[in-house]
Number of protein chains: 2
Amino acid sequence: MIASDSSRQRSAQNGSERAEHLAGLIMALARREGMKAGDRLIEQRLADALDLSRAPIRLGLKALEAAGLARGEPHRGFVLAKNPTSGAAQPALAAIRRNEQVYATIAGDVLASRLPADVTEAELMRRYGLSRAELQRLLDRIAAEGWIARLPGYGWRFAETVSSPEAQAQAKAFRAVIEPAAILQPGFALPQEVIVRLRERQQRVFDGELEKMTIGEIFHSGCEFHEEIIRGAGNPFFLEALRRVNSIRRLFAYRSFADRDGMRRHVREHLRLLDVLETRRYAEAADLMARHLQRPLVAGVS
Amino acid sequence: MIASDSSRQRSAQNGSERAEHLAGLIMALARREGMKAGDRLIEQRLADALDLSRAPIRLGLKALEAAGLARGEPHRGFVLAKNPTSGAAQPALAAIRRNEQVYATIAGDVLASRLPADVTEAELMRRYGLSRAELQRLLDRIAAEGWIARLPGYGWRFAETVSSPEAQAQAKAFRAVIEPAAILQPGFALPQEVIVRLRERQQRVFDGELEKMTIGEIFHSGCEFHEEIIRGAGNPFFLEALRRVNSIRRLFAYRSFADRDGMRRHVREHLRLLDVLETRRYAEAADLMARHLQRPLVAGVS
DNA sequence: GATTGTTCTTTTATGCAACAATATACAATC
DNA sequence: GATTGTATATTGTTGCATAAAAGAACAATC
């Protein structure tokens with residue numbers, strides 16, 4: 001399958017793809033933060049959260065206004081016009097997804113072994129209809145996620161981590177080692193405000209938001225939860241290792257189908273874990289975490 | 001014809017940095033493989049080992065010949081002229097090191113917090129006197145090693161894994177978790193030929209080669225040993241995680257000073273571990289590994 | 001039969017100029 | 001005092017022409 005030439009499209013459109021993308025980022029953030037219609041969208045705060053400066057945020061806000069999702073008044077900034085969970089917010093979020101399409105296609109092709117382990121840039125450019133610049137950004141990103149690496153000469157090589165069919169089980173086994181171990185590290189501690197924040201978010205998901213979330217969002221939320229906890233060990237190597245596993249697990253998520261009941265149980269376990277962590281019974285928490293990771297969240301791989 | 005003539009001329013004049021680099025790679029490989037003067041340097045075999053094709057290998061071989069480290073006869077290929085451990089081989093290996101200088105400088109600056117966590121490319125280009133292309137290769141490499149990452153907008157951010165002073169202890173704690181756990185994974189197995197190969201190499205180091213090795217080589221050899229063992233778990237996530245820790249530990253190695261006696265003990269422990277692994281007493285091996293990782297290899301950090 | 005020598009094609013790197021995006025500082029407004 | 005509005009310098013991107021490097025195929029040689 002060959003994607004259409006997006007570089008030519010971009011120059012033709014005046015709606016600026018970049019701005020729409022930024023709008024999507026802002027909406028996704030608002031959604032994660034649980035914001036409601038009427039909440040203020042403060043430029044600097046958004047900029048900090050997205051690791052950008054105010055200029056691009058501004059573009060995104062204007063795009064949101066154009067889409068009717070935000071209202072702005074001079075010198076008073078912008079305000080959310082719709083709930084980020086409402087149907088009206090979907091198109092903005094879709095802008096991100098469109099941007100992810102090639103990425104997802106490649107991920108799928110690798111998972112299904114439709115691509116050889118070693119590939120050249122030129123081959124990928126042809127196959128997916130990308131410019132060199134677009135491809136390079138993409139490869140940089142994939143490399144950062146750790147499932148492709150440059151060869152010394154030409155070309156790139158996909159990691160065996162991805163192409164293997166057992167990868168999912170292996171990721172699980174790895175997590176089952178590092179996550180409980182992190183909790184057992186001497187000096188493990190989770191600040192109260194983190195616990196509160198995590199509980200609040202998990203509770204919100206549990207209390208019905210789950211049904212409105214996409215698979216991607218559910219997955220993201222789960223990753224964030226586990227990453228915040230492992231961060232408590234105060235050892236960045238644990239966090240970093242989990243992040244990498246998660247970035248690869250995300251690829252599988254595309255082809256796993258969801259079982260909302262199982263997810264509800266999963267979230268309940270998160271809440272239970274937080275209770276134990278709050279009282280600092282870390283041995284018990286590690287044990288709980290180990291058992292939590294045994295249970296499958298999603299079943300059935302294509 | 002004309003073009004190739006002129007390029008040959010140019011490379012004769014200034015010695016083609018690339019060729020010297022390749023020569024260094026070949027010598028380093030020969031050294032790792034324990035080759036001796038008189039051994040044949042077979043192009044295809046070198047190419048496979050270095051993930052390159054024969055063309056660049058050829059350049060490297062010619063550079064080695066020019067440096068007097070290899071002898072070539074028409075249609076009979078090249079032969080090692082000196083032992084790779086001898087003093088004569090040092091200049092070729094130095095070519096790699098020269099190439100690594102900027103890398104090491106940056107690593108040092110980050111470790112000593114002489115660089116801010118967030119940097120722009122232009123700033124780095126100015127500071128280290130690099131062209132954009134050189135810098136990008138460098139950044140790609142550092143990103144692959146996981147201690148820098150692109151920010152969404154301008155610039156890059158160094159990972160906290162590197163800048164923190166406790167990083168060394170944290171790396172150790174992390175390895176103490178994953179390495180024994182890997183050995184305990186169901187299905188862990190180390191092929192006999194791997195054990196033989198590892199033992200042979202460690203034995204060689206133990207029997208005197210140690211004194212002739214640079215800190216970098218000693219470190220590299222240790223990493224290879226541990227990585228081969230963790231590979232036995234058959235779970236690429238363990239291997240990958242260890243690789244990343246090691247690539248960051250390598251930065252510390254630059255500023256650690258060596259204690260040859262401690263290293264000798266360290267290598268003896270490696271040999272002991274291999275004995276236990278060979279008889280498949282994995283529980284015991286995991287225990288041994290855990291204790292091995294408690295002991296410090298290098299002491300004294302600036 | 002394996003290895004080297006040679007040639008040819010493909011692929012990637014580099015430098016440069018115009019262009020687009022981003023950051024920053026400071027003034028204006030609430 | 002916090003936030004938004006605006007101007008400006010800085011920084012990064014893209015497309016293109018040219019140069020260099022790498023890979024692949026095949027003949028020649030041992």
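The sequence lines fix the lettering, A, B, ..., with proteins before strands; numbering per chain opens at 1. Here the structure is a predicted model, which is why all the values come from computation and not from measurement.
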- Task: Indicate the atoms forming the closest heavy-atom contact of A/Glu43 with A/Ile57, along with that distance.
- Result: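 So the minimum-distance heavy-atom pair works out to O-CG2, 4.1 Å.
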Need one value for [X]: base, sugar-phosphate or nothing, where a base atom within 4.0 Å counts as base even if backbone is also close, heavy atoms only.
X	value
B/Arg54	base
A/Arg58	base
A/Ala55	base
A/Glu123	nothing
A/Leu151	nothing
B/Leu41	sugar-phosphate

- Item | A/Ala133 side-chain proximity, nearest of D/dG12, C/dT22, D/dT14 |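 The answer is D/dT14, which lies nearest to the side chain.
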Euclidean distance, atom [atom1] of residue [X] to atom [atom2] of [N] [Å, nearest integer]:
X	N	atom1	atom2	value
B/Leu59	D/dA22	CG	P	7 Å
B/Glu43	C/dT6	CD	P	11 Å
B/Met125	D/dT11	CE	C1'	10 Å
A/His21	C/dA20	NE2	P	20 Å
B/Arg157	C/dA23	CZ	P	11 Å
B/Gln136	C/dG15	CD	C1'	13 Å
B/Leu61	C/dT6	CG	P	15 Å
B/Glu73	C/dT3	CD	P	17 Å

- Item | N/O donor-acceptor pair, side chain B/Tyr154 with base C/dA23, under 3.5 angstrom |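 Side chain to base: no pair below 3.5 Å.
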- Message: Classify the ring geometry of A/Phe158 against A/Trp147: parallel below 30°, tilted from 30° to 60°, perpendicular beyond 60°.
- Response: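 Judged by the thresholds at 30° and 60°, the geometry between A/Phe158 and A/Trp147 is parallel.
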- Of A/Thr120 and A/His75, whose nearest nucleotide on DNA chain C comes first from the 5' end?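 Upstream on the strand: A/Thr120.
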- Starting at the 5' end of DNA chain C and moving along, which residue's nearest nucleotide shows up first, B/Gln44 or B/Arg137?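 Mapping each residue to its closest nucleotide by heavy atoms, the 5'-most match is B/Gln44.
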- 5' precedence on DNA chain D between A/Pro74 and B/Ser53 (nearest-nucleotide basis):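 Per heavy-atom nearest nucleotide, the more 5' residue is A/Pro74.
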- Specify the residue among B/Glu121 and A/Gly153 whose closest nucleotide of DNA chain D lies further upstream toward the 5′ end.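 Per heavy-atom nearest nucleotide, the more 5' residue is B/Glu121.
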- Query: Looking only at side-chain N and O atoms, does B/Arg40 come under 4.0 Å of OP1 or OP2 in C/dT4?
  - Reply: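 For C/dT4, OP1 or OP2 has a side-chain N or O of B/Arg40 closer than 4.0 Å.
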- Message: C/dT12, OP1 or OP2 - any side-chain N/O from A/Arg150 closer than 4.0 Å?
- Response: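 Indeed not, no polar side-chain atom of A/Arg150 lies that close.
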- Query: Can you find a heavy atom in the side chain of B/Leu61 that is under 4.5 Å from one in the side chain of B/Leu46?
  - Reply: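 Of all side-chain heavy-atom pairs linking B/Leu46 with B/Leu61, at least one is under 4.5 Å.
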- Evaluate the side-chain proximity of A/Leu69 to A/Leu80: yes if any heavy-atom separation is below 4.5 Å, no if none is.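 No, too far: nothing below the 4.5 Å cut-off.
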- Short N-O contact, B/Arg250 and B/Glu145, less than 4.0 angstrom: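 Yes.
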- Using a strict 4.0 Å threshold on nitrogen-to-oxygen distance, state whether B/Glu123 and B/Arg127 make a salt bridge.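 Answer for the salt bridge query: no.
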